[in-house]
Structure formats: structure tokens, C-alpha cells
Amino acid sequence: MKDEQYMALAIEQAKLAASLGEVPVGAVLVHQGEVIAAGYNRREIDKDPLAHAELLCIKQASQALGGWRIPDATLYVTLEPCPMCAGGILNARIDRVVYGAKDPKAGSLDSVTQLYQLPYNWKPQVTGGVLEEDCAELLRQFFAQLRQRRKLSGKWKRLKKD
């Protein structure tokens, strides 16, 4: 399969997150050509600030492989990883990261900083912008709906007080 096909699987994970009210970020981990883990954001559901799609996917892959190192693997994620997730990728020794949309607020591979340019003992390859518009559109729709719900909720509260 090609990067776009694996990213499409990550997008399906992101759609699951959105359907549950989570920020639509999805991840798929491919080890030696086989999908061995998939995940989506679960911070709200799990009440856990660490429940990012990437970290959940890495944990699942580590359990499947029986160790904390995940060699010969590529992580596909719909949004550029934050510093926490970039650190998890680094510590799991994942060879390659492919992301869709840039994250101008927390992206740590290309946008806000380039974490892997620092002198760490591991440097994954990074490919950004795969199905970027599809990934970005999911996020735009989610946040537009969230703003609309908040706006309607605020109107309802004002009407209730009157």
C-alpha cells in the first residue's frame, strides 16, 4: 500500500474520534508492511491528557510486538504530532512518521519547532502533507460545529434568563 492508503485508514480513525466528540485525530502504525495498531484521540472519553491518537497507537503496537522498541515501522497520523507525541515516537524508535495536516499551534516536526533536528540519539524520517486537505477539513468541520454548538448554547442561556 502507498502512504495515501495508510493515511486514509488514519482518517477513518479520526472520523471515529469526531463521532465521539473528540478532536478528530487518528493514527495507524504499520510494521513491516502490516497494520498492527490503530488509534484516535480519547482525551475527553478517558479524562486523560495523554490519550492522544499517536500514544495510544504506540502503546498498542508495543503490546503487539512485546517490547517498547518498534523497529521497521511507520506511524501515519492525521495531524502533525505535538511535542509529547513526538517524544513518544522518538522513544519507541519508530523509523518514519507520515502526517497529514500541519499544526500551527503545537506541531513539533515542522510547524512550531523541528524537534528531530535536535541532537537526539534517534531521528525518524518525516513526511508531511499526505492527504493534507482531507485531514485539515476534518478538523475545520469539527471546530466549526463546536463553535456553533457553543454559540447556540450561549443563546439558549441568555433566552432562559430573560
Side-chain angles (χ1 to χ4, degrees), residues 1-46 48-65 68-117 120 122-146:
M1 287 184 22
K2 295 183 179 184
D3 285 346
E4 291 80 9
Q5 292 168 303
Y6 288 121
M7 186 61 74
L9 296 176
I11 289 171
E12 291 306 313
Q13 292 293 309
K15 288 177 180 177
L16 284 172
S19 74
L20 298 169
E22 294 281 352
V23 174
V25 178
V28 171
L29 197 136
V30 177
H31 177 258
Q32 298 179 346
E34 182 182 340
V35 175
I36 62 164
Y40 53 84
N41 271 7
R42 296 183 51 94
R43 292 188 307 173
E44 300 298 331
I45 294 167
D46 294 351
D48 182 355
L50 305 178
H52 286 209
E54 301 95 311
L55 296 183
L56 296 172
C57 199
I58 290 169
K59 183 175 184 175
Q60 189 182 111
S62 295
Q63 291 169 342
L65 295 174
W68 60 269
R69 289 180 188 90
I70 307 173
D72 305 317
T74 300
L75 179 68
Y76 293 86
V77 61
T78 58
L79 183 64
E80 180 183 0
C82 72
M84 175 178 69
C85 293
I89 292 162
L90 187 89
N91 282 300
R93 307 295 194 266
I94 294 170
D95 293 321
R96 186 168 175 242
V97 181
V98 178
Y99 70 86
K102 287 188 180 246
D103 184 351
K105 294 182 179 180
S108 294
L109 306 187
D110 289 315
S111 297
V112 174
T113 189
Q114 295 175 340
L115 194 69
Y116 300 149
Q117 297 302 312
Y120 291 111
W122 187 259
K123 292 188 188 297
Q125 294 178 352
V126 175
T127 303
V130 175
L131 298 182
E132 181 174 12
E133 188 52 38
D134 295 338
C135 296
E137 184 58 27
L138 273 176
L139 291 158
R140 278 192 293 270
Q141 287 177 6
F142 176 82
F143 286 111
Q145 290 171 357
L146 184 62

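What you see is a predicted model; the values in this text were computed from it and never measured.
- Residues passing the salt bridge (charged side-chain N to carboxylate O under 4.0 Å, His left out) test with E133, sequence neighbours excluded: R140.
- Considering all non-hydrogen atoms of both residues, I36 and H31 come closest at CD1-CB, 3.6 Å.
- Inter-residue side-chain proximity for V112 and K105 is flagged as unmet; no heavy-atom pair is nearer than 4.5 Å.
- When all heavy atoms are compared, the tightest approach of G39 to A53 is O-CB, 3.9 Å.
- Judged by distance alone, with hydrogens and angles left aside, the side-chain atoms of E54 form no donor-acceptor pair with the main-chain N or O of G88 at under 3.5 Å.
- Qualifying salt bridge (charged side-chain N to carboxylate O under 4.0 Å, His left out) partners for D48, counting only residues two or more places apart in sequence or in other chains: none.
- Rounding to the nearest 0.5 angstrom, the gap separating the CZ atom in R42 from the NE2 atom in H52 is 13.5 Å.
- A heavy-atom distance below 4.5 Å is not found between the side chains of C82 and D103.
- Counting heavy atoms from C-beta on, the side chains of L29 and V35 never come closer than 4.5 Å.
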Start with the C-alpha distance between D110 and V126, add both sets of side-chain angles, then the distance that settles side-chain contact (heavy atoms from CB on, under 4.5 Å), and finish with yes or no. CA-CA 9 Å; D110 289 315; V126 175; 4.1 Å; yes

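- In terms of heavy atoms, L90 sits closest to W122 at CD1-O, 3.0 Å.
- Nearest heavy atoms, L138 versus A14: CD1-CB, 3.8 Å.
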Acceptor/donor pairs from residues 20-27 side chains to any protein atom, 3.5 angstrom cut, sequence neighbours excluded:
from: E22; atom 1: OE1; to: R43; atom 2: N; distance (Å): 3.2
from: E22; atom 1: OE1; to: E44; atom 2: N; distance (Å): 3.2
from: E22; atom 1: OE2; to: E44; atom 2: N; distance (Å): 2.9
from: E22; atom 1: OE2; to: I45; atom 2: N; distance (Å): 2.6

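- Within the model, atoms NZ of K123 and CD of Q117 stand 6.5 Å from one another, a figure rounded to the nearest 0.5 Å.
- In terms of heavy-atom proximity, L131 sits nearest to A8 at CD1-N, 3.9 Å.
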Determine, stepwise, if the pair Q145 / Q141 fulfils side-chain hydrogen bond (donor to acceptor under 3.5 Å, both in side chains). CA-CA 6 Å; Q145 290 171 357; Q141 287 177 6; 5.3 Å; no

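- Atom CD1 in I58 sits 12.5 Å away from atom CD in Q63 (nearest 0.5 Å).
- For the pair L75/I89, a side-chain contact is recorded, criterion being any heavy-atom separation below 4.5 Å from C-beta on.
- In terms of heavy-atom proximity, A37 sits nearest to A61 at CB-N, 3.7 Å.
- Remark: K15 pairs with E12 by the salt bridge (charged side-chain N to carboxylate O under 4.0 Å, His left out) rule, at least two apart or across chains.
- Within the structure, ring pair (Phe, Tyr, Trp, His ring centres under 6.0 Å) pairs that include any residue of residues 70-106 comprise Y6-Y76 (at least two apart or interchain).
- Between C85 and L55, the closest side-chain pair of non-hydrogen atoms falls below 4.5 Å.
- Side-chain contact between L56 and Y40 is absent, with no heavy-atom pair separated by less than 4.5 Å.
- Within 6.0 Å of NZ on K59 lie no more than 12 heavy atoms contributed by other residues, nucleotides or ligands.
- The side-chain hydrogen bond (donor to acceptor under 3.5 Å, both in side chains) pairs that include a residue from residues 77-97 are D3-R96, E80-S111, R96-T127, where partners are two or more places apart or lie in different chains.
- The CG atom of N41 sits 8.5 Å away from atom CG of L79, with the distance rounded to the nearest 0.5 Å.
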